[in-house]
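Position 1 is the first residue of the sequence; numbering continues from there. Because only heavy atoms are used, hydrogens play no part in the values below, and waters and symmetry mates are left out as well, while side chains stay in. This is a predicted model, so every value here is computed, not measured.
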Amino acid sequence: MATHKQAVPPPTVFFGEEAFQPIDHTEVRWLGSGGMFVNTRGTCIMMDPMLKDFDIPLLIDMPIAPENIPHLDAVLITHCDNDHYSVPSLHAMEHVSKAFHGPHYVAELMQAEGFPANGHDIGDTFEVGPAKITLTPADHAWQNEKAKYNYRVFRLEDYCGFWIETPDGIIWAPGDSRLMKEHLEMPQPDAILFDFSDNEWHIGLEGAIQMANTYPEAHLILCHWGTVDAPDLNVFNADPQSLYDRVVNPERIHAYAPGQPFSLKKS
């Protein structure tokens, strides 16, 4: 482990086939970085699984190797950055996933890799088992500021979040994004995969606190922190301690270990 001041999550909670079995509720597991695994009544979904071969050294062990995933009903990808759209991870799990979904541009990239991907507009809704999933807007077109990406103009609709309505409650993963007014006008979710990176192309700490206090009942499952050994990169180096005295109902902040289950149960 690194000895610098970078925040480090608790030791990884590894999981295997048992996490994919039918259950009578919904479980959410942070996968590290911006990734998430959802099992809702036996329907299994992964979002942005970056589980192998990242190009920066990691601080954590990944909670499951992609080769060990027994089955997935869908993989959701929010955008094309390689800590979210991990081509090595997807190739390792492509034979066990029934479907791949993302914004149209990301779907085109996945199709070029041979994945049978479905592209969607922002606001589109589709169903995976009992889950109703809607693409929410995101603002993360940082590539337009970099000369190496001038082969195309990156558009807002190339990035998204996912609003996942399950039988046991609503899970919202806003994705990598600057804070948008639309982010403060959603219905009350039950849980947010909560990015609090203090970075100009992410929600930023102040924006994260504003979002958290706009939805004071939502559980906050912290993500995009403590994954990568990069203390000089604020995008990977959020500190959970920055939240507790500024968020309403701070007991809903969950600085979980990668792979640790969070349960949603129908009230």
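When side chains are defined from C-beta on, F196 counts as touching L222, because their heavy atoms get closer than 4.5 Å. Contact check for L59 versus T227: no side-chain heavy atoms found under the 4.5 Å cut-off. Looking at heavy atoms from C-beta onward, T12 lies out of side-chain contact with M62 at the 4.5 angstrom threshold. You'll find the side chain of W30 stays beyond 4.5 Å of the side chain of H254, heavy atoms only. Side-chain contact between M211 and P174 is present, with heavy atoms from C-beta onward closer than 4.5 Å. Within the 4.5 Å cutoff, the side chain of F54 has heavy atoms near those of the D83 side chain. Side-chain contact check for V228 versus L233: every heavy-atom pair is 4.5 Å or farther apart. At least one side-chain heavy atom of P9 sits less than 4.5 Å from a side-chain heavy atom of P258.
Hydrophobic clustering (side-chain heavy atoms under 4.5 Å, transitive across Ile, Leu, Val, Met, Phe, Trp, Tyr) keeps V28 apart from L72. Connection of V106 to Y149 is established within a shared hydrophobic cluster, with ILVMFWY side chains joined at heavy-atom distances below 4.5 Å, either directly or through further cluster members. Under the 4.5 Å side-chain heavy-atom criterion for grouping Ile, Leu, Val, Met, Phe, Trp and Tyr, M46 is not connected to F126 through any hydrophobic cluster. Following chains of ILVMFWY side-chain contacts shorter than 4.5 Å, one can reach F100 starting from V87, so the two form part of one hydrophobic cluster. If you chain together hydrophobic residues whose side chains sit under 4.5 Å apart, Y215 and V247 fall into the same group.
In summary, the aromatic rings of H219 and F262 are positioned with their centroids under 6.0 Å apart. Between H84 and H224, the ring centre distance stays below 6.0 Å.
Counting all heavy atoms, side chain and backbone alike, T136 lies closest to F162 at OG1-N, 3.8 Å. In plain terms, the two heavy atoms of A99 and N118 that are nearest each other are CB-ND2, 4.3 Å. When every heavy atom of A173 is checked against every heavy atom of M36, the shortest pair comes out as CB-CE, 4.1 Å. Across all their heavy atoms, P49 and S89 have their closest contact at O-CB, 3.3 Å. Shortest non-hydrogen contact noted between A19 and R29 is CB-NH2, 3.6 Å. Between Q188 and W163, the closest heavy-atom pair is C-CH2, 4.5 Å.
Atom CE of M93 is separated from atom OG of S86 by 7.5 Å, given to the nearest 0.5 angstrom. To the nearest 0.5 Å, atom CD1 of residue I164 and atom CD1 of residue I45 are 5.5 Å apart. Remark: D195 CG to L193 CG distance equals 8.5 Å, nearest 0.5 Å. With rounding to the nearest 0.5 Å, the separation of CD1 in I23 from OG1 in T40 is 7.0 Å. Taking CZ of R252 as the start and CD1 of I192 as the end, the distance is 7.0 Å to the nearest 0.5 Å. Separation of atoms OG (S97) and CG (D73) is listed at 8.0 Å; rounding is to 0.5 Å.
Looking only at atom types and distance, the side chain of N39 has no donor-acceptor partner in the side chain of H25 under 3.5 Å away. For the residue pair D81 / W142, a side-chain donor-acceptor distance below 3.5 Å is found, with atom types taken as modelled. Neither side chain, W225 nor S197, offers a donor N or O lying under 3.5 Å from an acceptor on the other. Remark: the T125 side chain and the T134 side chain contain an N/O donor-acceptor pair separated by less than 3.5 Å. For the residue pair E157 and H104, no side-chain donor N or O sits within less than 3.5 Å of a side-chain acceptor on the partner. In this structure, a donor-acceptor pair under 3.5 Å is present between the side chains of N234 and N199.
Note: H91 and F115 have tilted aromatic rings, judged against thresholds of 30 and 60 degrees for the angle between ring planes. Ring-plane geometry between F15 and F37 is classed as parallel, the angle between the planes falling under 30 degrees on a 0 to 90 degree scale with a further cut at 60. Using cut-offs of 30° and 60° on the angle between ring planes, the pair Y159 and F154 is tilted.
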Exercise. Are I203 and F194 close enough, and set up right, to give a side-chain contact (heavy atoms from CB on, under 4.5 Å), and what steps lead you there?
Worked result: CA-CA 10 Å; I203 190 170; F194 193 66; 5.5 Å; no

For this session: Dump the intermediate steps for side-chain contact (heavy atoms from CB on, under 4.5 Å) on F14 and D61, then the final yes or no.
Result: CA-CA 9 Å; F14 298 99; D61 295 315; 3.7 Å; yes

For this session: Would you check, one step at a time, whether the test side-chain contact (heavy atoms from CB on, under 4.5 Å) holds for D229 with I56?
Result: CA-CA 7 Å; D229 190 1; I56 301 176; 5.7 Å; no

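A donor-acceptor pair under 3.5 Å links the side-chain atoms of Q21 to the main chain of E17, judged by distance alone. Of the possible polar contacts, none joining the Q210 side chain to the G207 backbone as a donor-acceptor pair under 3.5 Å is found. For the pair D239 (side chain) and A7 (backbone), a donor-acceptor distance under 3.5 Å is absent. Under the 3.5 Å distance criterion, the side-chain polar atoms of H71 are matched with a main-chain donor or acceptor of F20. Side-chain N or O atoms of H101 include none that pairs as donor or acceptor with a backbone N or O of A107 at under 3.5 Å. Judged by distance alone, the side chain of S177 and the main-chain N or O of A138 form no donor-acceptor pair under 3.5 Å.
Remark: of the listed residues D158, D176, D48, D48 is the sole one forming a side-chain hydrogen bond (donor to acceptor under 3.5 Å, both in side chains) with T78.
Salt bridge status for D168 with K266: absent, with no side-chain N to carboxylate O gap under 4.0 Å. By the 4.0 Å N-to-carboxylate-O rule, K52 lies close enough to E67 to be salt-bridged with it. Using a 4.0 Å cut-off between charged side-chain N and carboxylate O, E27 and R41 make no salt bridge.
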